[in-house]
Structures are given as C-alpha cells and as structure tokens.
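Residue numbers start at 1 and run along the sequence shown.
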Amino acid sequence: MSNGDALTFDIQKNPSPATASERETLLQNPGFGRIFTDHMATIRYSQDRGWHSAKIEPRKALALDPATVVLHYAQEIFEGMKAYHLPDGGAALFRPSANARRFHNSAERLAMPTLPEDLFVESVRELVKIDRDWIPTAEGASLYLRPFMIGSEAALGTRPATDYLYCVIASPVASYFKGGASAVTLWLSENFTRAAPGGTGAAKCGGNYAASLSALAEGQREGCEQVVFLDAVEKRWIEELGGMNIFFVFDDGSLQTPPLTGTILPGITRDSLIKLGRDMGLTVREEPYAIDQWQADAESGRLREAFACGTAAVVTPIGKLKGRSHGFTIGDGNAGPVTLRLKAALTDIQFGRAPDKHEWLDRLF
Ligand SMILES: *Cc1c(COP(=O)(O)O)cnc(C)c1O
C-alpha cells in the first residue's frame with residue numbers, strides 16, 4: 001500500500017484550453033470564485049492501494065454515484081490559499097506548508113486518510129505551474145487555490161469511507177467583497193452557533209459552512225455582509241465570522257484576537273498578523289473578548305478598530321455591528337490606521353514588494 005511519498009504526477013494537458021483572448025476577457029473582471037483555470041490536480045485513495053493515480057488533468061465535472069458518502073454524510077475537508085504575481089514576473093505561494101499541516105489535521109478530525117504534506121504542496125505547485133497564465137497581474141488580484149478531499153465510496157452505511165478523492169482547482173480572483181477595501185457591517189448571530197466544544201470548529205470542513213449559512217442569510221436580510229458568532233456554551237465570547245478570524249484594536253495601540261480553544265479555525269492569516277503586529281512593536285493578546293465588553297468599548301472609544309481576516313478576505317475592516325440587542329459603530333465606521341498598516345505589511349510580503357523576513361513565500365518560478 002502506498003502512503004503517497006513516492007508518487008509523481010501524470011501530466012495530461014488540456015487539449016482545448018481557453019484561448020489567450022478568452023482568458024484576457026475573463027481576467028478583466030474575475031469576481032470571486034466564478035471563473036476557473038484549464039486544469040485540476042487529482043489523487044485517489046483506496047483502502048487497499050493507499051494514495052495512487054496522482055494527475056494533473058483537464059478540469060472537468062466529477063462523476064459521482066448518487067450513494068457517494070460525501071453527498072450524504074458530508075465527509076469533506078478543504079483548504080484555501082493563493083498564488084501571487086511578483087514584480088519580477090515570477091509567482092509565489094504564501095506559507096503552503098501551513099495549509100498542508102492544517103489539511104492533515106482536518107483529515108484526522110473527519111476520520112479521513114492523511115495526505116503527505118509534501119504531496120499536498122506539490123499538487124498545488126504543479127497545478128499553478130501548468131495554469132500560470134491564469135495568475136492575474138491586476139493590483140490586489142491573485143490565483144485562489146482550492147484543495148479539497150471527499151469520501152468517494154458509494155455506500156450508505158455510517159462509517160468513514162474506504163475511498164477518497166483529493167482534488168485541487170484554481171480560480172483567478174479579485175477582491176472578496178464587492179466594496180473592495182470599504183468597511184463591512186456584521187450581524188451578531190444570537191440564534192445560531194457555528195461550532196461547539198468537541199465539534200469540528202477547528203477543522204476546515206464544508207459542514208461548518210453549511211451550519212453557518214442560516215445565520216448568514218439572516219444577517220443578509222438585515223443588510224449585513226457577514227456574521228459574527230459567539231461561543232456555544234455561554235453565548236458571550238466572540239469567536240469568529242463564518243469564514244474569517246477577527247481582531248480588535250484598542251486606544252493604547254494593542255491588538256486582541258480570540259484564542260484558539262478548539263472551536264475557532266486556526267487561520268494562517270491570523271497567525272501571520274499576530275507576528276506582523278509584534279514585528280511592529282504592538283502588543284498582541286490572544287484572549288477572550290465578550291460581546292457586552294465590545295459594545296461598551298466601542299461606545300467609550302477604548303476600542304478603536306476591528307477587522308476580519310482570512311486568505312479570501314485578506315484584511316477587511318469592520319465598520320458596524322448589528323444584532324437583536326446590540327448595535328454600534330466602531331471608530332468612525334471606516335478602515336482605521338492600524339488595520340490599514342497591517343494589511344499593507346501582509347500584502348507587501350505576499351506580492352513580493354517587501355522583504356520576506358519570515359520566509360513565508362514559496363517561489364514557484
Ligand atoms: C479558512 C477559514 C479562516 C481563515 O483562515 P486563513 O488560513 O487565514 O485563510 C477563518 N475561519 C474559517 C471558519 C475558515 O474556514
């Protein structure tokens with residue numbers, strides 16, 4: 001049985017890729033997650049063969065038996081990362097080994113086989129190399145990579161699948177929010193929680209998103225762009241958004257973000273901003289923050305700024321919070337100076353405009 005360590009990718013070029021002019025047209029207004037490149041990476045797993053059949057192949061629809069495990073029991077995990085165009089014409093990934101590690105941890109939580117971390121990184125690198133012409137060069141745009149794995153066995157018994165499909169697709173993206181860099185309004189979810197102790201909150205799995213969508217729909221009906229969740233036990237402590245972590249900036253210049261207690265997704269952007277904040281000489285605390293305190297601090301002015309962060313959203317200022325029994329504006333409701341400084345520090349490294357002191361970039365070519 002193969003644990004995947006010695007696999008090499010069989011490269012099958014797309015015989016009818018998008019033409020250069022079709023690609024240019026699509027790249028002019030990519031939006032987020034709407035357009036896709038010519039290829040995908042796939043690797044199969046079966047109980048008796050282990051990892052096998054690593055391929056880069058033309059992107060195509062997956063054929064799944066209607067009894068496939070993922071369709072019924074949501075045995076699915078994913079990752080999100082980006083390839084960035086560099087000033088010298090090259091390209092790089094940002095901390096891909098951190099995504100590989102997290103994918104490994106998510107697989108363990110969902111009782112799935114673990115993909116060797118080197119193979120995960122190689123699959124992404126190979127896909128970006130073959131689809132390199134799809135990396136956008138416009139300001140702030142990048143090639144979003146979506147590795148994922150599903151239980152692909154056809155069986156309705158409730159147990160971990162015996163077969164799995166690992167796949168990576170790529171999507172050129174501009175800004176995640178339509179408004180670009182402007183501040184968003186959050187809806188405070190009081191009826192629904194996202195993750196409970198002992199649950200899957202720290203795993204990057206589709207099921208967490210499914211569980212957050214009613215709250216998001218509720219927030220959208222209230223005119224909000226995103227939802228912020230409280231802890232499931234006391235319904236008091238700020239955890240995170242549906243797909244982004246959260247930071248607070250205080251009047252003494254310090255930063256605070258909720259600690260990783262097992263119900264929060266350990267964001268790589270979160271981790272990077274903690275380090276960049278400390279590099280700037282700021283105090284960064286990983287400590288719980290209560291919703292009532294947030295409201296009191298926003299009203300007194302002790303809280304100056306708040307922002308959400310993640311690979312897709314990068315650093316997004318939070319202007320307002322609305323809820324059934326809460327409602328306040330943060331600062332003047334616009335992006336604050338610390339938020340903008342941190343965003344610039346992060347994106348300057350990602351796009352190769354600043355020295356990469358932490359060796360976070362993984363150069364592709
Ligand atoms: C992916 C994700 C994040 C952000 O993680 P990054 O590694 O920074 O992209 C935050 N929260 C949730 C629930 C996520 O799925």
Side-chain angles (χ1 to χ4, degrees), residues 70 72-80 102 105-112 148 158 176-177 184-248 256-271 285-298 303 306-313 316 318-328 330:
V70 65
H72 301 272
Y73 306 126
Q75 204 185 11
E76 189 264 1
I77 58 171
F78 67 96
E79 269 305 324
R102 188 168 66 189
N105 295 341
S106 298
E108 285 188 331
R109 180 62 186 84
L110 277 277
M112 300 170 111
F148 65 98
T158 43
Y176 183 75
F177 290 107
V184 296
T185 300
L186 297 188
W187 174 249
L188 177 68
S189 179
E190 285 162 285
N191 295 338
F192 304 107
T193 52
R194 191 193 81 94
T200 54
K204 209 166 172 75
C205 64
N208 289 342
Y209 279 72
S212 76
L213 295 178
S214 295
L216 183 62
E218 187 180 74
Q220 286 172 340
R221 283 195 296 274
E222 301 287 340
C224 302
E225 283 97 342
Q226 278 289 321
V227 176
V228 61
F229 289 96
L230 300 174
D231 77 288
V233 178
E234 295 184 61
K235 303 251 174 69
R236 179 175 172 216
W237 306 104
I238 309 292
E239 296 230 302
E240 62 167 318
L241 279 53
M244 293 157 223
N245 297 116
I246 190 166
F247 278 82
F248 305 96
Q256 186 163 331
T257 190
L260 301 177
T261 52
T263 52
I264 292 178
L265 201 286
I268 295 160
T269 316
R270 174 189 179 279
D271 182 74
R285 293 180 297 273
E286 294 181 74
E287 282 172 19
Y289 194 48
I291 179 62
D292 290 339
Q293 191 68 46
W294 188 7
Q295 169 129 9
D297 289 344
L303 181 88
F307 61 85
C309 68
T311 298
T316 297
I318 299 166
K320 290 193 180 107
L321 182 133
K322 280 173 69 174
R324 273 179 232 299
S325 46
H326 294 84
F328 52 87
I330 298 142

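- Under the 4.5 Å side-chain criterion, counting only non-hydrogen atoms from C-beta, Cys205 is not in contact with Arg109.
- Across Ser325 and Glu190, no two heavy atoms sit closer than the pair OG-OE2, 3.1 Å.
- At least one side-chain heavy atom of Arg324 sits under 4.5 Å from a side-chain heavy atom of Asn191.
- Within the 4.5 Å cutoff, no side-chain heavy atoms of Pro266 are placed close to those of Asp271.
- Residues Val70 and Phe148 have side chains not in contact (no heavy-atom distance under 4.5 Å, counting atoms from C-beta outward).
- The shortest distance between side-chain heavy atoms of Arg270 and Glu286 falls below 4.5 Å.
- Interatomic distance, Ile291 CD1 to Leu188 CG, rounded to the nearest 0.5 Å: 4.5 Å.
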Trace of the side-chain contact (heavy atoms from CB on, under 4.5 Å) decision for Thr269 with Asn245: CA-CA 8 Å; Thr269 316; Asn245 297 116; over 6 Å; no
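- From Cys309, atom SG reaches atom CG of Leu241 across 9.5 Å, with rounding to the nearest 0.5 Å.
- Under 3.5 Å, the side chains of Thr316 and Glu225 contain no donor-acceptor pair of N or O atoms.
- Gly201 and Ala195 make their closest contact through CA-CB, 3.4 Å (heavy atoms, listed as atom of the first residue, atom of the second, distance).
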Stepwise, does the side-chain contact (heavy atoms from CB on, under 4.5 Å) test hold for Asp231 with Thr193? CA-CA 7 Å; Asp231 77 288; Thr193 52; over 6 Å; no
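- Taking the side chain as every heavy atom from C-beta outward, Leu230 and Arg236 never approach each other to under 4.5 Å.
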Trace of the side-chain contact (heavy atoms from CB on, under 4.5 Å) decision for Val228 with Ile318: CA-CA 11 Å; Val228 61; Ile318 299 166; over 6 Å; no
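- Considering every non-hydrogen atom in both Ala298 and Phe328, the closest pair reads CB-CD1, 3.4 Å.
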List the steps and the verdict of side-chain contact (heavy atoms from CB on, under 4.5 Å) for Phe229 and Thr263. CA-CA 11 Å; Phe229 289 96; Thr263 52; over 6 Å; no
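- Note: Phe307 and Phe247 have parallel aromatic rings, judged against thresholds of 30 and 60 degrees for the angle between ring planes.
- Between His326 and Trp294, the closest side-chain pair of non-hydrogen atoms is not below 4.5 Å.
- One distance of note links CD of Gln293 with CH2 of Trp237; it measures 8.5 Å at 0.5 Å rounding.
- Between the side chain of Gln75 and the backbone N or O of Leu110, at least one donor-acceptor pair lies under 3.5 Å.
- Closest approach of Tyr209 and Gly243 over heavy atoms only: OH-CA, 3.2 Å.
- For Glu222 (side chain) and Lys322 (main-chain N/O), no donor-acceptor pair under 3.5 Å exists by modelled atom type.
- Separation of atoms NZ (Lys204) and CD (Glu76) is listed at 10.5 Å; rounding is to 0.5 Å.
- Note: Arg102 CZ to Leu265 CG = 5.0 Å, rounded to the nearest 0.5 Å.
- Closest approach of Pro288 and Pro259 over heavy atoms only: N-CD, 3.5 Å.
- Annotation: side chain to side chain contact (heavy atoms under 4.5 Å, CB included) contacts of Ala107 (sequence neighbours excluded): Ile77, Met112, Thr114, Met149.
- Nearest heavy atoms, Ile330 versus Ala306: CG2-N, 3.8 Å.
- Looking only at distances, no side-chain donor or acceptor of Ser189 sits under 3.5 Å from a matching main-chain atom of Val227.
- Here the CZ-OG distance, from Arg194 to Ser212, works out to 7.5 Å after rounding to the nearest 0.5 Å.
- Looking at Leu321 and Thr185, their side chains never come closer than 4.5 Å, going by heavy atoms from C-beta outward.
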